Engineer: 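Handing you a structure now.
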There are 2 protein chains.
Amino acid sequence: MSHAFRHRDILEIARQEGKVTVEGLAQHFGVTLQTIRRDLSDLAEDGRLERVHGGAMLPSSTSNIGYEQRQTLNAKAKAAMAKACAQRIPNNISLFLNIGTSTEAVARELRAHQNLLVVTNNMNVANILAETQGCEVVVTGGNLRRADGGLVGKLAIETILQFKFDLAIIGCSALDRDGDLLDFDIQEVGVSQTILQQSRKTYLVADASKMKRNAPARIASLSEIDTLFTDAPLPADLPERCAAWDTEVVVTQAS
Amino acid sequence: MSHAFRHRDILEIARQEGKVTVEGLAQHFGVTLQTIRRDLSDLAEDGRLERVHGGAMLPSSTSNIGYEQRQTLNAKAKAAMAKACAQRIPNNISLFLNIGTSTEAVARELRAHQNLLVVTNNMNVANILAETQGCEVVVTGGNLRRADGGLVGKLAIETILQFKFDLAIIGCSALDRDGDLLDFDIQEVGVSQTILQQSRKTYLVADASKMKRNAPARIASLSEIDTLFTDAPLPADLPERCAAWDTEVVVTQAS
DNA sequence: ATAAAAACGAACATAAACGAACAAATTCGC
DNA sequence: GCGAATTTGTTCGTTTATGTTCGTTTTTAT
């Protein structure tokens, strides 16, 4: 019997039972343990199963592991930025928070604020603010992106168009030497641009690592941003440019 | 057998019972206390559980306490209902899950399904399914209701109107003797009615406690529901009525 | 406050599972 | 039918998981 048949059946069993054991499968198919191990290795390599000692399980979407790690990266610097940003957010306004670990950090610092209307397309922000008393939370619709809990796509944009924000707080994937905000995901770019368009004032929160990265899609220029919060001095002649653009730059140091 | 299997089950039990004991788990899995201690240490290290003397609990970060208590109420019965419901959900369809602990239980049972498009106005459902591979998740917009993670209001309804679902799985606050579905929140009623209107088929998941309660707003009648999943026989002459309405009733027993 | 009991975690021993390498069997193309 | 390629079985040294023991810490009862 070809391994292809077994693979199909193994997946079927795994879906029904939630798990499979090497021993059990060997018995079921009447083959040796080693054969089953090879099957499971193959399936695990394709990401169809998750190998564990003694068997395998259905994969528990592995994508957000990278995200969780990223989240702990630069945690202190991010918290400092977020604090500075939160300090400049008045009470009694409407604001938008978009996708990214930096905006999530800002959300955590909003605990003490009063009477905010917060709109977000970030599930994590919504979860954080769900425990905060002083603000009403509105979630945009959208397709859930597992990697980072973002809500993107047509639905998100349509929702945003129904609002006008006093303030938008956004993050981005990268920030290049020319002062352009860049993102990995084209879908997300559309959302971000819509946010900028619907906001009276804009804060960008971007730690220094963003300036060492690159990304394909352009969201906007720093010239369209009112204030940039970051954790290290800007490189090259960006400070001068920002001054010319009337873009305030707030640099914080991690404690 | 691998600890990975146990870890998954331990978390599952912890969610249902709210807590786990070393002794109880050791008995449940047929392993020594030390093995369970190691498991709990691992899970605690990952922040998935909070270790306490004699066992472990859900980490305190998880949402609202009143809500959580309600969630652990009837946990086993709910899981049984949810399993029965999930079994009748085919692969490769679009479905809606609305607000309520019962629908969240169903979401947990969708792990093994393939190629589902799940739309929900329940943040908890979205969080649960974010870790499930076999389905794409779309979140409706809406105002976040802290009490239960529900998204309600105009935005939610507008989003739902953009879809047509193969199947809707809904919960309700109460179910009265006449076979009417009732809810505490007028806003939520509008959402639920819109869902019913946009769905080809409808499942209602409601445990027996719903029949002892009352609520002010009427969503619909059982006659508009295809199948009712519950955990105790219906009172009075409801079974006959359901038969006349061609509403199937599935009664499950907690194991 | 103190003693007994329970739970804990570290260290070690044992058993189970693992993967690599090679041999045997089977399948496929010709 | 023959040889090559693929698949499966076998063996064995290595890694991982579990059980056991024991001294320490925490909880409970007095």
Side-chain angles (χ1 to χ4, degrees), chain A residues 1-66 68-69 72, chain B residues 1-62 65 68-69 72 75 111-112 131 133:
Chain A
M1 188 198 307
S2 159
H3 60 146
F5 293 132
R6 278 201 312 276
H7 285 190
R8 187 169 48 80
D9 290 354
I10 288 172
L11 286 173
E12 183 64 27
I13 293 171
R15 280 187 202 121
Q16 277 177 18
E17 314 277 332
K19 68 181 179 189
V20 288
T21 63
V22 174
E23 189 100 27
L25 290 172
Q27 203 139 12
H28 180 266
F29 291 112
V31 295
T32 57
L33 301 172
Q34 185 60 29
T35 301
I36 297 297
R37 290 204 190 100
R38 277 188 278 249
D39 289 338
L40 296 184
S41 300
D42 293 348
L43 290 166
E45 202 152 341
D46 298 0
R48 321 242 276 161
L49 282 181
E50 198 165 288
R51 193 69 163 84
V52 299
H53 220 81
M57 324 177 12
L58 292 174
S60 59
S61 83
T62 48
S63 53
N64 58 7
I65 289 176
E68 262 165 40
Q69 284 181 340
T72 59
Chain B
M1 191 191 303
S2 161
H3 57 140
F5 295 144
R6 282 198 310 273
H7 284 189
R8 196 166 50 99
D9 291 351
I10 288 172
L11 287 173
E12 185 70 23
I13 294 170
R15 271 195 285 268
Q16 284 189 13
E17 316 274 333
K19 66 176 182 187
V20 289
T21 64
V22 174
E23 189 98 28
L25 290 173
Q27 202 140 10
H28 181 268
F29 291 112
V31 295
T32 58
L33 301 172
Q34 184 59 27
T35 301
I36 296 298
R37 290 202 191 100
R38 275 189 279 247
D39 288 339
L40 297 184
S41 301
D42 292 348
L43 290 167
E45 201 155 341
D46 297 0
R48 322 240 275 162
L49 281 181
E50 206 160 278
R51 194 73 163 81
V52 297
H53 220 79
M57 310 169 35
L58 292 174
S60 50
S61 66
T62 24
I65 292 177
E68 221 169 79
Q69 280 182 340
T72 59
R111 233 198 295 274
E131 283 159 28
Q133 258 217 341

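Note that the coordinates shown come from a computational prediction; the quantities given were computed from them, not determined experimentally. All values below come from the heavy atoms of this structure, side chains included, with hydrogens, waters and symmetry mates left out. Naming: A, B, ... by sequence-line order, numbering from 1 per chain.
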Engineer: Name all residues meeting the side-chain hydrogen bond (donor to acceptor under 3.5 Å, both in side chains) criterion together with R38(B); count only those two or more places apart in sequence or in a different chain, and write none if there are none.
Structural biologist: none
Engineer: What's the angle between the local helix axes at either end of the helix from dA1(C)-dT30(D) to dC30(C)-dG1(D), using five pairs per end and rounding to 10 degrees?
Structural biologist: 50°
Engineer: Over how many whole Å does the gap from H53(A) atom NE2 to dA16(C) atom C1' extend?
Structural biologist: 7 Å
Engineer: Between R8(B) and E50(A) (salt bridge meaning N to carboxylate O under 4.0 Å), is one present in this structure?
Structural biologist: no
Engineer: Taking all non-hydrogen atoms of both residues, which atom of A56(A) and which atom of L49(A) are closest, and how far apart?
Structural biologist: CB-CD1, 4.0 Å
Engineer: Can you measure L25(A) atom CG to dC18(C) atom C1' for me and round it to whole angstrom units?
Structural biologist: 16 Å
Engineer: More than 12 heavy atoms of other residues, nucleotides or ligands under 6.0 Å from CZ of R48(A): is that the case?
Structural biologist: no
Engineer: Side-chain N or O of H3(B) less than 4.0 angstrom from OP1 or OP2 on dA17(D)?
Structural biologist: yes
Engineer: Could you state the atom-to-atom distance from CG of D42(A) to P of dT6(D) in whole Å?
Structural biologist: 14 Å
Engineer: Please list each protein N or O that sits under 3.5 Å from an N or O in nucleotides 19-25 of chain C, with the distance.
Structural biologist:
residue : atom : partner : partner atom : Å
dG19(C) : N7   : Q34(A)  : OE1          : 3.1

Engineer: Taking CG from D39(A) and P from dG9(D), how many angstroms apart are they, rounded to a whole number?
Structural biologist: 10 Å
Engineer: Within a 6.0 Å radius of atom CD on Q27(B), are there more than 12 heavy atoms belonging to other residues, nucleotides or ligands?
Structural biologist: no
Engineer: Output the rounded distance in Å from CG (L40(A)) to P (dA17(C)).
Structural biologist: 13 Å
Engineer: Find the distance H7(A):NE2 to dT8(D):P and express it as a whole number of Å.
Structural biologist: 8 Å
Engineer: Would you mind reporting whether F29(A) and D39(A) have side-chain heavy atoms less than 4.5 Å apart?
Structural biologist: no
Engineer: Does OP1 or OP2 of dG9(D) have a side-chain N or O of T35(A) closer than 4.0 Å?
Structural biologist: yes
Engineer: Just so I know, are the side chains of L25(B) and L40(B) near enough to count as touching, which here means a heavy-atom distance under 4.5 Å?
Structural biologist: yes
Engineer: Rounding to an integer number of Å, can you tell me how far E23(A) CD sits from dA17(D) C1'?
Structural biologist: 15 Å
Engineer: Quick check: closest heavy atoms across G47(A) and P59(A), and the distance to 0.1 Å?
Structural biologist: O-CG, 3.7 Å
Engineer: Specify the separation, in whole Å, of atom CZ of F5(B) and atom P of dA17(C).
Structural biologist: 11 Å
